[in-house]
Amino acid sequence: MAQGSAAPVHKPIRDRYIPARTLAVVTDNSQQSPEPNGPHTASPANLPTQYAPAEVEETLYERWVERGYFAADTKSDRTPYTIVIPPPNVTGSLHLGHAFQHTMMDALTRRKRMQGYEALWLPGMDHAGIATQNKVEQQLAEEGKSRQDLGREAFVERVWQWKEEYGGKILGQMRRLGDGVDWSRERFTMDAGLSRAVQTVFKKMYEDGLIYRAERIINWCPRCLTAISDIEVEYQEDDGELVSLKYGEGDQTVVVATTRAETMLGDTAVAVHPDDERYAHLIGKRIKLPLTDRTIPVVADAHVDPEFGTGAVKVTPAHDPNDFEIGRRHDLPFLSVLDERGVITAHGPFEGLDRFEARSAIVAALREQGRIVAEKRPYVHSVGHCSRCKTTIEPRLSMQWWVKVAPLAKKAGDAVRDGRTRIHPADMSSRYFDWVDNMHDWTISRQLWWGHRIPVWYGPEGEVVCVGPDEEPPGGEGWHQDPDVLDTWFSSGLWPFSTLGWPERTPDLEKFYPTDVLVTGYDIIFFWVARMMMFGTYVMDEPPFHTIQLTGLVRDEHGKKMSKSFGNVVDPLEWMEAYGSDALRFTLANGANPGTDVPIGEDWVKASRNFANKIWNATRFALMNGATVEGPLPGQDEMAATDRWILSRLNAVVAEADGYYDDFQFAKLSDALYHFAWDEVFDWYVELAKTTFGKGGRPAEVSRRVLGEVLDVVLRLLHPVIPFVTETLWTALTGGESVVIADWPKDSGFRDEAAEQEIATVQRAVTEVRRFRADQGLQPGQKVRAELTLDGTSLVAHEDAIRQLLRLQPAGEDFHATASLPVAGATVALDLSGAIDVEAERKRLSKDLAAAEKELAQTTGKLGNEAFLAKAPDHVVEKIRGRRGVAEVDIARIRAQLAALPPG
RNA sequence: GGGCGCAUAGCUCAGCGGUAGAGCGCUUCCCUUACAAGGAAGAUGUCACUGGUUCGAUCCCAGUUGUGCCCACCA
């Protein structure tokens with residue numbers, strides 16, 4: 001086909017953007033070309049005749065990877081731009097929340113890459129200690145086995161198998177999404193290198209006194225059989241029962257209230273407030289503890305609130321964090337009465353009972369003794385649950401490893417306070433500070449098998465012998481490594497530098513640390529963000545990111561949280577297969593108002609698919625009409641107002657889009673590009689250009705070049721968000737190798753206010769006439785002949801275009817009725833031979849007249865208001881003056897039109 | 001008990017001291033040769049309530065109500 005032919009012989013692209021997988025796959029022409037940058041032939045023949053996103057997207061992705069577009073180079077002299085991925089847990093598959101964050105990260109790095117940065121988006125996954133171990137244990141349970149049946153080594157082997165399977169699934173999803181990550185740098189938190197980083201940091205912290213071992217009350221999950229940290233506990237309001245128990249005998253009694261009667265077996269004191277006169281006589285005395293043969297002291301402690309309940313508290317130092325503190329202050333015994341599974345160990349009738357069975361049994365026994373003086377049920381109170389398995393947490397006295405947080409948290413907080421790291425949106429930083437400034441020490445040891453084994457060896461007496469990666473543990477009897485593993489967040493806290501090769505001073509580390517942006521959900525500020533900030537400032541002396549971009553959570557179309565129990569969870573793959581990855585990505589970007597939750601529904605993805613289809617067809621049309629990017633842009637003197645208008649708008653949109661990208665305003669970005677492309681380019685410029693194309697000659701050549709330019713830039717602007725369809729269309733349009741490595745558009749600074757005004761007038765004229773016609777119920781099928789009279793020089797130049805847009809007959813036919821329509825800066829007189837509904841017209845005009853009169857009254861009032869004139873800014877006053885002027889003109893005109901109407 | 005946020009069209013959400021916006025949905029018309037996954041024209045809101053500041057408040061301030069989230073060792 002001849003290049004630039006205005007009359008294509010056949011449809012070069014399918015007329016519909018069909019994402020169904022069942023469509024025939026298309027041969028990939030560009031693969032056959034040995035030279036990807038071959039001679040430019042902007043012909044529709046470059047595009048396949050059918051397009052099926054689900055198929056084409058995968059092909060395109062593999063090609064990008066093969067060509068190494070996403071591989072970052074440490075040796076380049078380009079400015080680095082780095083994002084490390086929040087490593088997904090290997091527990092399952094990616095959900096819409098991942099798709100959402102990945103879209104943002106991908107768009108950011110793709111744009112920076114196009115801008116000439118050495119862009120690195122580093123991929124990887126997290127071993128997710130307790131979560132993964134639980135999943136594999138569930139799997140084993142289905143086979144009727146437990147992890148103890150397998151033994152530690154075989155179990156860990158089994159988890160690695162799991163990781164291969166589900167990790168592979170996740171990587172496949174990332175490819176399907178189009179994530180432009182550097183696969184040569186893929187990392188896993190249990191990799192040898194990252195494990196070494198973990199051990200090295202552990203050793204450093206141990207030596208700096210920031211890691212210590214201590215016996216304290218910890219949150220214990222009786223199902224997972226491990227300690228967990230404070231933030232791994234989820235509190236929820238549960239129905240309980242508050243019972244008041246009478247302790248002691250005779251006149252030496254005291255009533256205490258509890259929701260946990262079973263722990264009374266471990267009580268070693270009753271505490272009252274020191275100033276509480278009701279109990280003054282008891283302080284220091286010992287009273288009988290029911291159901292046991294023990295007596296316990298009554299102690300005075302300021303922690304007790306005399307206003308609450310009876311003002312007396314039972315104290316169980318081994319099973320309650322508050323009581324633990326009281327126990328310490330008063331040197332009380334720590335008596336454990338529950339084992340690691342929550343079963344009573346205290347000798348006696350309750351031994352062997354589960355904690356909840358024991359609770360009712362003990363209450364029953366006390367009731368029999370008449371020691372229950374009051375009951376309140378249900379009693380709603382806040383109860384801690386394991387965030388992984390929802391089992392009720394059992395506070396338990398236990399020896400664990402701890403991180404001394406205060407010095408680390410101080411540094412992490414300062415990095416944000418002094419502006420080295422910026423949290424965006426800013427109001428989220430209060431949440432960060434709240435936590436960083438009040439954080440308690442962090443329990444890091446876990447009684448699990450899957451994770452980084454604590455790098456500590458003990459001697460025969462249980463003493464710490466050596467710590468860290470470089471020391472050989474001494475052999476011989478009784479020497480052993482700590483059996484526990486580290487909290488999974490310990491290794492993910494090192495992620496921004498461990499992935500780049502630390503503790504070695506690798507070129508990667510030199511070039512890419514600190515990273516630029518962290519994109520993650522506000523829900524893991526404490527778990528992950530704060531920990532990375534602590535480790536980064538401590539280990540590297542530099543916070544790991546310049547910007548922390550916090551995203552909201554993805555919700556369903558009614559703003560409801562997605563969860564399995566609601567049944568509203570959507571697999572991103574489902575929508576990607578049905579509508580294409582681009583459609584999903586665009587929808588997610590469109591919902592991305594910084595820091596707010598993102599609702600998403602299938603209809604919205606469909607709408608995005610429709611947008612992709614629109615771009616597809618507009619580009620197809622452009623190619624059929626010879627749009628080109630060849631050669632320089634025509635001079636301004638050669639361009640029509642329509643050309644200057646669209647280029648003026650184009651450059652403004654480039655600037656606007658840049659601002660939005662820089663501010664992570666993806667919702668505004670996608671909205672601006674959507675409306676510019678669809679409304680201005682496709683609905684107006686393309687329609688206006690049709691008349692020019694039809695006439696041929698130099699004006700048509702100019703329009704072809706301008707249309708080519710506009711599409712080229714729009715496709716490049718959209719590429720970071722919707723990479724696939726833009727790649728296909730951009731390469732077809734420009735003949736370029738790939739839009740992935742194309743230059744990012746720059747605002748040339750070209751603006752043409754006059755042209756923008758002129759086209760606005762044309763648009764208004766066309767719209768007014770269309771509305772008039774619709775109001776009159778004039779059907780196109782009626783073959784209405786019309787005489788179009790344009791008043792004002794600017795519109796005369798557009799007469800052909802207006803006739804085309806309104807599908808008017810050529811001038812010169814007979815006409816009778818007259819309608820004169822208001823247009824800013826001009827008048828369009830439309831003379832119609834069709835019948836006019838006089839009553840409808842009178843009604844419409846009356847309505848307009850009323851509106852204009854109201855406007856006149858309002859504006860006159862304002863302009864007569866001296867206080868207003870004194871204070872309102874000039875531009876506001878000008879605007880109101882202008883409105884009054886228009887209203888006056890309108891009133892005169894409408895009155896004349898009303899008078900001209902034939903009598904009803 | 002503290003802290004933060006939100007209340008705008010049927011739905012999901014932007015906006016913002018100076019005549020109320022988008023997408024989807026809805027109504028009417030049109031299969032105009034890029035696209036019916038399209039085109040054209042429309043309807044719809046006491047901008048939660050009550051006060052205050054201002055020439056002017058959906059926007060700023062105070063309070064009320066409703067709602068969501070986070071934190072917290074309420075026995």
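Please read all numbers here as calculations on a predicted model, not as lab measurements. A, B, ... follow the sequence lines: proteins, then strands. Residue 1 opens every chain.
A straight line from CD of A/Glu866 to C1' of B/rG56 spans 16 Å, rounded to a whole angstrom. The NZ-P distance, from A/Lys560 to B/rC11, rounds to 15 Å in whole Å. We find that CZ of A/Phe621 is positioned 16 Å from P of B/rU32, with the value rounded to whole Å. Per the geometry, CH2 belonging to A/Trp616 stands 17 Å off P belonging to B/rG38, to the nearest Å. If you measure from atom CG of A/Asp603 to atom P of B/rA37, you get 14 Å, rounded to the nearest angstrom. Here B/rC24 presents its C1' atom at 13 Å from CD1 of A/Ile600, a figure rounded to the nearest Å. Atom CG in A/Leu673 sits roughly 15 Å away from atom P in B/rG23 (whole-Å rounding). Rounded to a whole Å, the CG atom of A/Asp427 is 8 Å from the C1' atom of B/rG5.
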ring-ring contact (aromatic ring centres under 6.0 Å, His included) between A/Phe666 and A/Tyr660, intermediate numbers included: CA-CA 7 Å; A/Phe666 285 94; A/Tyr660 292 148; over 10 Å; no
Evaluation steps, side-chain contact (heavy atoms from CB on, under 4.5 Å), between A/Met264 and A/Thr258: CA-CA 9 Å; A/Met264 61 135 335; A/Thr258 183; over 6 Å; no
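Considering every non-hydrogen atom in both A/Leu711 and A/Leu733, the closest pair reads CB-CD2, 3.8 Å.
Note on A/Trp678: a side-chain N or O is less than 4.0 Å away from OP1 or OP2 of B/rG39. Listed pair A/Thr767 / B/rA41 meets the phosphate criterion, a side-chain N or O lying under 4.0 Å from OP1 or OP2. Checking the phosphate oxygens (OP1, OP2) of B/rA22, no side-chain nitrogen or oxygen of A/Lys668 falls inside 4.0 Å. Side-chain N/O atoms of A/Asn610 include one lying less than 4.0 angstrom from OP1 or OP2 on B/rG38.
Here the separation of B/rA7 from B/rU64, taken at their C1' atoms, is 13 Å to the nearest Å. With both ends at atom C1', the span from B/rG23 to B/rG15 equals 15 Å, rounded to whole Å. B/rG51 and B/rA57: their P atoms are spaced 13 Å apart (whole Å). Here the separation of B/rU44 from B/rC11, taken at their C1' atoms, is 13 Å to the nearest Å. Rounded to the nearest Å, the gap between the P atom of B/rC16 and that of B/rC6 is 13 Å. If you take atom P in B/rU67 and the same atom in B/rU12, they sit 16 Å apart, rounded to whole Å. Atom name P, nucleotides B/rA9 and B/rG21: the rounded distance is 14 Å, in whole Å. Here, B/rG5 and B/rC61 have their P atoms 11 Å apart, quoted to the whole Å.
Every stem involving RNA chain B, taken as at least 3 paired positions in a row under the Watson-Crick or G-U wobble test at 3.5 Å, is listed here: B:1-7 with B:65-71, B:10-13 with B:21-24, B:26-30 with B:38-42, B:48-52 with B:60-64.
Annotation: of the two residues near RNA chain B, A/Thr596 and A/Asp683, the 5′-most nearest-nucleotide partner is A/Thr596. Take the nearest nucleotide of RNA chain B for A/Asp671 and for A/Asp597: the residue whose nucleotide is more 5' is A/Asp597.
Checked by atom type and distance alone, the side chain of A/Asp323 pairs as donor or acceptor with a backbone atom of A/Thr316 at under 3.5 Å. Judged purely by atom type and a 3.5 angstrom limit, A/Asp597 has no side-chain atom pairing as donor or acceptor with the backbone of A/Val554.
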Reading 5' to 3' through nucleotides 66-75 of chain B, protein heavy-atom contacts under 4.0 Å coded B for base, S for sugar-phosphate only, - for none: ---SSS-BSB
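Side chain A/Arg609 to base B/rA37: a donor-acceptor pair is found below 3.5 Å. Within 3.5 Å, a donor on the side chain of A/Glu687 pairs with an acceptor on the base of B/rA34, or the reverse.
Nearest to the side chain of A/Pro599, among B/rA34, B/rU12, B/rC24, sits B/rU12. Candidate nucleotides B/rC24, B/rG39, B/rC11 were compared by shortest atom distance to the side chain of A/Tyr674, and B/rC24 ranks first.
No more than 12 heavy-atom neighbours from other residues, nucleotides or ligands sit within 6.0 angstrom of CD on A/Glu866.
Under the 6.0 Å cut-off for aromatic ring centres, A/Tyr674 and A/Trp678 qualify, their centroids lying closer than that. Remark: aromatic rings of A/Tyr432 and A/Phe526 are distant, center separation not under 6.0 Å.
As judged by a 4.0 angstrom heavy-atom cut-off over every strand, A/Val315 is placed among residues making no nucleic acid contact.
Between A/Asp267 and A/Tyr247, some side-chain heavy-atom pair lies under the 4.5 Å cut-off.
Taking 4.0 Å as the cut-off between side-chain N and carboxylate O, A/Glu325 and A/Arg216 do not count as a salt-bridged pair.
By the 6.0 Å and 45° rule, A/Lys690 stacks over the aromatic ring of A/Phe621.
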